[in-house]
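Down below is the structure, laid out as C-alpha cells.
All values reported here derive from a predicted model rather than from experimental measurement.
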Amino acid sequence: MAGDTRDENQPPTRGPPPGATEPPDHVKTPNKVYEVFHSQPQSANALPEGSGQNTAGGRERPPAITDAVKTIKLEDFKKVHMYPCVRESLLMGIGSGFGIGGIRALWGAPIPKAANWAVGTFVFASFANYEFCLYRRRLEKAHMKRAVEIIDRKKAEKEAAAQAKREERRRLKEEADRKVEEAAKKSWKFW
C-alpha cells in the first residue's frame, strides 16, 4: 500500500507561490506552516467572473460621456443621409414641423410657442417615420426571404419533375430500342 500522506515526521513540501522571487518564510522554517494569501491574483484565469478586475489587477474605468463624444466624427454627419430611412424621415419631419408650426402661428399662438410646436412635431414625426420605415424594411426583408425560399422550393420541384420526365423518356426509348432489336433478330432467324 502507499504510504500515508499524513505522516507527521515529514513536513509538507510546498513550493513558492506563483510569481514569488524568493521562498516564503514557511518554506525556510519547515516546522511552521502558514497560509500565504495574496491581495491580487497573479493569473488572469484566477479572476472570478464578474469581479470587474482586468488582468493587470485594477478595475476598469466606467465609460463616461466624454468617451462617447470622442467617438463622434464629422464624417458621421456628412454621411447621415446615406443611412436607410433617414432622408425620408428627416424630410417628413421638416414638412410636418413646418406645417404644424405654421398652423399654430396662424391660429394666433406666440412665435416662440409656435416654434416649440414646430420643433416638437419635427422630432416626433421624424422619429415615428424612421421607426415605421425600419419596420417596413424588416417586413420587406422577411417577405423577400420567404419569396426566395418559395422560388428555391419551386425550382427544386420543377427540376425533380424534369428529371422524372427524362428518366421516363429514357426508359421508353430503351424499351422501344429493345423491341426494334428483338424484331430485327426475329427477322434474321428466318434466314
Side-chain angles (χ1 to χ4, degrees), residues 17-20 37-172:
F37 295 102
H38 293 286
S39 60
Q40 296 176 355
Q42 298 296 322
S43 172
N45 295 332
L47 292 175
E49 225 176 286
S51 67
Q53 291 184 339
N54 59 19
T55 56
R59 296 202 176 270
E60 290 185 16
R61 187 173 57 94
I65 293 181
T66 56
D67 297 333
V69 171
K70 287 178 186 176
T71 63
I72 298 173
K73 300 173 188 155
L74 184 60
E75 290 82 29
D76 294 339
F77 292 108
K78 289 181 180 178
K79 296 179 182 177
V80 74
H81 64 282
M82 294 180 167
Y83 298 134
C85 299
V86 171
R87 184 175 179 271
E88 308 166 354
S89 301
L90 289 176
L91 287 174
M92 175 67 79
I94 290 170
S96 60
F98 182 77
I100 295 295
I103 290 173
R104 289 290 294 177
L106 288 176
W107 281 351
I111 299 296
K113 195 168 196 173
N116 286 344
W117 273 84
V119 170
T121 304
F122 163 73
V123 169
F124 178 75
S126 296
F127 180 73
N129 194 25
Y130 180 74
E131 289 298 322
F132 184 66
C133 181
L134 288 181
Y135 170 73
R136 283 187 312 199
R137 283 176 53 90
R138 282 192 297 267
L139 280 180
E140 184 179 359
K141 192 175 186 180
H143 289 289
M144 290 297 288
K145 188 175 182 181
R146 177 130 169 86
V148 167
E149 289 172 358
I150 290 171
I151 289 171
D152 289 344
R153 188 179 68 226
K154 287 197 180 220
K155 184 178 178 183
E157 289 173 359
K158 196 182 232 186
E159 186 65 33
Q163 182 69 20
K165 280 184 180 180
R166 282 194 295 265
E167 292 292 328
E168 182 66 22
R169 273 186 288 185
R170 185 178 298 132
R171 188 183 61 77
L172 291 175

Donor-acceptor list for residues 117-125 side chains, cut-off 3.5 Å, not counting sequence neighbours:
residue: Thr121; atom: OG1; partner: Trp117; partner atom: O; Å: 2.7

Validation: residues 142-153 side-chain donor-acceptor distances under 3.5 Å, sequence neighbours left out:
none

Could Glu140 and Arg137 be called an ion pair, given the rule that one side-chain N must be under 4.0 Å from one carboxylate O?
no
One should read off an interatomic distance between Leu134 CG and Asn129 CG, to the nearest 0.5 angstrom, of 10.0 Å
Mind checking the NZ-CD1 spacing from Lys70 to Ile65? Nearest 0.5 Å is all I need.
13.0 Å
Residue pairs fulfilling disulfide (SG to SG under 2.5 Å) with at least one residue in residues 82-163, sequence neighbours excluded
Cys85-Cys133
For Glu167, check salt bridge (Lys or Arg N to Asp or Glu O under 4.0 Å) against everything at least two apart and list the hits.
Arg170
Not counting sequence neighbours, which residues clear salt bridge (Lys or Arg N to Asp or Glu O under 4.0 Å) with Glu75? List them please.
none
Would you mind writing out the side-chain donor-acceptor pairs for residues 93-113 within the sub-3.5 Å range, not counting sequence neighbours?
residue: Ser96; atom: OG; partner: Met92; partner atom: O; Å: 3.0
residue: Ser96; atom: OG; partner: Gly93; partner atom: O; Å: 3.2

Within a radius of less than 6.0 Å around CZ of Phe127, do more than 12 heavy atoms belonging to other residues, nucleotides or ligands occur?
no
On a heavy-atom basis, which atom in Phe77 and which in Ile72 lie closest, and how many Å separate them?
CE1-CG2, 3.6 Å
Please step through salt bridge (charged side-chain N to carboxylate O under 4.0 Å, His left out) for the pair Arg171 and Glu168, ending with a clear verdict.
CA-CA 5 Å; Arg171 188 183 61 77; Glu168 182 66 22; 2.4 Å; yes
